[in-house]
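One structure is given here, and the rest of the page talks about it.
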Amino acid sequence: MARRGAKQRLFSLAAAALASTMVLAGCGGSGSDEATVDANGKPIVKILITRYSTDVAMKSMKWTKDIESACDCTIKWDDVADSSWSQQKSAVLASGDVPDVSIFTFDPTDGEQYPYFEDLSKHMDQMPNVKKFFDTQTSAKKMVADKEGHVYVLPSDRGENYRVSSNHMFINKTWLDKLGLQMQTTWDELTKVLTAFKTQDPNGNGKADEVPFNMRRIDTTGFSLWNPFVLLNSMGITTSFAVTSTSFQGIYVKDGKVGNFLESDAYKSVVKYLHSLMEQGLIPADALTREDSAITADTVSDGQTAKSGMIVGWATTDFEKLQDQYVALPSLKATASTPDSDVTWDASQDLTELSNHAIAVSKDAPNKEAIYKVVNALYGEKVSVQQYYGDIPEDVTSSDNSTYTVNDRCFDSSTKDPCKATADRFAGWIPDNATIKNDKASEALREADSAYTKAFANVDETKDVMPIYVRPDVDDQTTITNNNTAVLNYALTKTATWIQKGGVDADWDAYVKKLDSVGLTQNVKLWQKYYDEYTKK
């Protein structure tokens, strides 16, 4: 459960962003002729939640009965598979027949664009747990509120244990030790280590099957998680790689000035370096086209013989039974002469801890009073813990001082008795004063993150990062999105060619000119406008 969910939240953000075409039957929104009370006269609250197809059904989770007790209502859960919702969302929004209550389905931009959603900011007195959440975690409130303070979609917060970067570099320490090599500090040192991984049979099976740098492909849609351009941090450009971040489109901030790294000298340097690695056979020749499943197969291998020397990933748990062989590789210098102060690291902490699309409520939903009681209960501490980790006491034990201990079973993918939780589909708030013990997922993440403490100290989280709450108006966002289609398709197609065949120096001036002509400069100016507006409030 949680082991899967901690990582999959970030995959799920991508799924939520790709909604398209089919009609959802029976959403339960306005115009429904269904009964709004049950046989006992209790109000019915219908909740749609997007799930993994293999997840335990919501009605099987004991904590959901606590929600019904809090609202004195009957909840009807509609578990919809991700694959279905990604095809249905656009049609649902076009029809206006949105679910009465939905979890992990809509984001604040949907609420601003479509007039179907209740402004939940007007009902904080009926949801004191949400009000306390907003008063305590102001960033969470700002990431969903529009300029007038309307809140159409509530965020969630899985706690300070997940306030870590979503991106880490991992190196096979067992191979380093076997070959008598030290941890790298520069790109040149990394090249020498990867060369040794390729030529000296560090896994000892007598086969040339090692993959020195198991690099993920680069899509023309943008820069998502775990991509090799975390190396931009070697040259002072702080990335924030996640689907919903501005780094996805190349936008970064340095000393309060917005830029796009696609036209930066640092980007050109990373491209040249990646080309040199591919040219030497240190990155697979098909790395730019193969599916992620190929990387996973090499990363996990047969569970006995490692194949990957280095990856950019989530945590050592990526390697499953081989995880003890790997450690996080701290942010590298581009050259030995690079000042320490120029080395940074990926600033995606807010996006790892917080989600901006937890709960939305239809304006036309019946039984609003009961709905607000449901939402309030979901944001209670004990219910939030159970949502994310599992039922108390079967999956999680609890003490009176806000201390919770998660069962080992919750992290065992082979168990036939999984913990009953929503994990990343969690809609609630785990406050910082709650102590969560034996969360193996967050423990692995925090261990990896500790390798970047020194580099991250060079990052000013306002002046060097686009805050998560900076959100352009609908019209400007449309302009940005349309420009990005042309910018990213051109830039990343060229990037793939350069990594494979070289030639970035010869093409660079014409490339930059082309980017400016298709909207990159306009986008930078728009993001600068909103960065200034939001950060100066």
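Heads up: numbering here begins at 1 and tracks the sequence.
Taking every heavy atom of both residues into account, Lys363 and Lys368 meet most closely at O-NZ, 2.8 Å. The minimum heavy-atom distance between Cys73 and Val374, with the atom names listed, is SG-CG2, 4.0 Å.
A 4.5 Å side-chain heavy-atom check between Met58 and Thr422 finds at least one atom pair inside the cut-off. Residues Val130 and Leu120 fail the side-chain proximity criterion, which asks for heavy atoms closer than 4.5 Å. At least one side-chain heavy atom of Leu332 sits less than 4.5 Å from a side-chain heavy atom of Met169. Residues Leu445 and His168 form a side-chain contact, since some pair of their non-hydrogen atoms from C-beta on lies under 4.5 Å apart. The shortest side-chain heavy-atom distance between Thr138 and Tyr469 does not fall under the 4.5 Å cut-off. Within the 4.5 Å cutoff, the side chain of Pro228 has no heavy atoms near those of the Val270 side chain. Taking 4.5 Å as the limit, every side-chain heavy atom of Val343 sits out of range of all side-chain heavy atoms of Lys454. In this structure the side chain of Leu262 reaches within 4.5 angstrom of the side chain of Leu515, judged on heavy atoms.
Comment: Asp79 engages Arg51 in a salt bridge, judged by a side-chain N to carboxylate O separation of less than 4.0 angstrom. Between Asp82 and Arg425 a salt bridge is recorded (basic side-chain N to carboxylate O distance below 4.0 Å). Ion pair Arg217/Asp219 flagged as a salt bridge, since at least one NZ, NE, NH1 or NH2 atom sits closer than 4.0 Å to an Asp/Glu carboxylate oxygen. Between Asp72 and Lys373, no side-chain nitrogen of the basic residue sits less than 4.0 Å from a carboxylate oxygen of the acidic one, so the salt-bridge criterion is not met. Between Asp125 and Lys131, no side-chain nitrogen of the basic residue sits less than 4.0 Å from a carboxylate oxygen of the acidic one, so the salt-bridge criterion is not met.
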(Q) Set out, in order, the CA-CA distance, both residues' side-chain angles and the distance that settles ring pair (Phe, Tyr, Trp, His ring centres under 6.0 Å) for Tyr267 and Phe229, then state yes or no. (A) CA-CA 8 Å; Tyr267 187 78; Phe229 283 90; 4.8 Å; yes
Q | Steps toward side-chain hydrogen bond (donor to acceptor under 3.5 Å, both in side chains) verdict (Tyr452, Asn167) | A | CA-CA 10 Å; Tyr452 303 92; Asn167 298 275; over 6 Å; no
Q: Please report the C-alpha distance between Thr481 and Gln477 in whole Å, then the side-chain angles of each, then the deciding distance to 0.1 Å, and finally whether the side-chain hydrogen bond (donor to acceptor under 3.5 Å, both in side chains) criterion is met.
A: CA-CA 6 Å; Thr481 300; Gln477 184 58 62; 3.2 Å; yes
Q) Between Asp66 and Lys382, does a salt bridge (Lys or Arg N to Asp or Glu O under 4.0 Å) hold up when you go through it step by step? A) CA-CA 10 Å; Asp66 296 335; Lys382 188 165 287 190; over 6 Å; no
Q: Before giving the answer on side-chain hydrogen bond (donor to acceptor under 3.5 Å, both in side chains), spell out for Thr239 and Asp346 the whole-Å C-alpha distance, their side-chain angles and the decisive distance to 0.1 Å.
A: CA-CA 5 Å; Thr239 61; Asp346 187 83; 2.6 Å; yes
Q) What's the verdict on side-chain hydrogen bond (donor to acceptor under 3.5 Å, both in side chains) for Thr344 and Asn233, showing C-alpha distance, side-chain angles and the deciding distance? A) CA-CA 5 Å; Thr344 62; Asn233 293 279; 3.1 Å; yes
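Side-chain N or O atoms of Asn482 include none that pairs as donor or acceptor with a backbone N or O of Thr479 at under 3.5 Å. Judged by distance alone, with hydrogens and angles left aside, the side-chain atoms of Arg158 form no donor-acceptor pair with the main-chain N or O of Asp424 at under 3.5 Å. Remark: the backbone N or O of Ser60 is not paired with any side-chain donor or acceptor of Lys420 at under 3.5 angstrom. Trp345 places no side-chain N or O within donor-acceptor distance of the main-chain N or O of Asn458, the cut-off being under 3.5 Å. In terms of modelled atom types and a separation under 3.5 Å, the side chain of Asn227 and the main chain of Ile218 share no donor-acceptor contact. Thr50 places a side-chain N or O within 3.5 Å of a backbone atom of Phe104 that can act as its donor or acceptor partner. Side chain of Ser384 to backbone of Leu378: a donor-acceptor contact under 3.5 angstrom is found. Remark: side-chain polar atoms of Tyr534 are paired, donor with acceptor, to backbone N or O of Arg471 under 3.5 angstrom.
Ring pair Tyr252/Trp527: centre-to-centre distance not below 6.0 Å.
To the nearest 0.5 Å, atoms CD (Gln528) and NZ (Lys257) are separated by 8.0 Å. With rounding to the nearest 0.5 angstrom, the CG atom of Asn523 is 9.5 Å from the CG atom of Asp476. The CD1 atom of Ile480 sits 5.0 Å away from the CG atom of Leu526 when rounded to the nearest 0.5 Å. Taking NZ of Lys89 as the start and OG of Ser102 as the end, the distance is 9.5 Å to the nearest 0.5 Å. Rounding to the nearest 0.5 Å gives a distance of 7.5 Å between CG of Asp107 and NE2 of His357. Put simply, CG on Asn484 and CG on Leu520 are 8.5 Å apart, with the number rounded to the nearest 0.5 Å.
Remark: Lys147 NZ is packed, more than 12 non-hydrogen atoms of other residues, nucleotides or ligands lying under 6.0 Å away. Within a 6.0 Å radius of NZ in Lys76, other residues, nucleotides and ligands contribute 12 heavy atoms or fewer. With a 6.0 Å radius and a threshold of 12 heavy atoms from other residues, nucleotides or ligands, Lys132 has its NZ atom at or below the threshold. Open room surrounds CD on Glu447; 12 or fewer heavy atoms of other groups in view lie less than 6.0 Å from it. Counted within 6.0 Å of NZ on Lys62, heavy atoms from surrounding residues, nucleotides or ligands total more than 12; the atom is thus considered enclosed. No more than 12 heavy atoms of other residues, nucleotides or ligands sit less than 6.0 Å from atom CG of Asp475. For Lys529, the NZ atom is densely surrounded, since the number of other residues' heavy atoms within 6.0 Å is greater than 12.
Counting only N and O atoms by type, the side chains of Asp364 and Ser362 include no donor and acceptor under 3.5 Å apart. Checked by atom type, the side-chain pair Asn483/Gln522 shows a donor-acceptor distance below 3.5 Å. A donor and an acceptor atom, one from each side chain of Lys440 and Asn438, are located under 3.5 Å apart. Side-chain contact annotation: Asp449 with Ser165, donor-acceptor N/O pair under 3.5 Å absent.
Under the salt bridge (charged side-chain N to carboxylate O under 4.0 Å, His left out) criterion, Glu443 pairs with no residue, sequence neighbours left out.
Relative ring orientation between Trp63 and Trp77 is described as perpendicular, the plane-to-plane angle rising above 60° on a 0-90° scale split at 30° and 60°. Classification of the Phe261-Phe223 ring pair by plane angle, with boundaries at 30° and 60°, yields perpendicular.
Between Trp429 and the options Phe134, Phe133, Tyr379, a ring-ring contact (aromatic ring centres under 6.0 Å, His included) holds for only Phe133. For the pairing with Arg163, the salt bridge (Lys or Arg N to Asp or Glu O under 4.0 Å) check across Asp157, Asp432, Asp350 returns one residue only, Asp350. Results of the side chain to side chain contact (heavy atoms under 4.5 Å, CB included) test with Ile49 over Ile103, Ile359, Thr105 single out Ile103 as the only residue that passes. When the options Ile392, Thr435, Asp439, Ile430 are evaluated for a side chain to side chain contact (heavy atoms under 4.5 Å, CB included) with Tyr404, the one that passes is Ile392.
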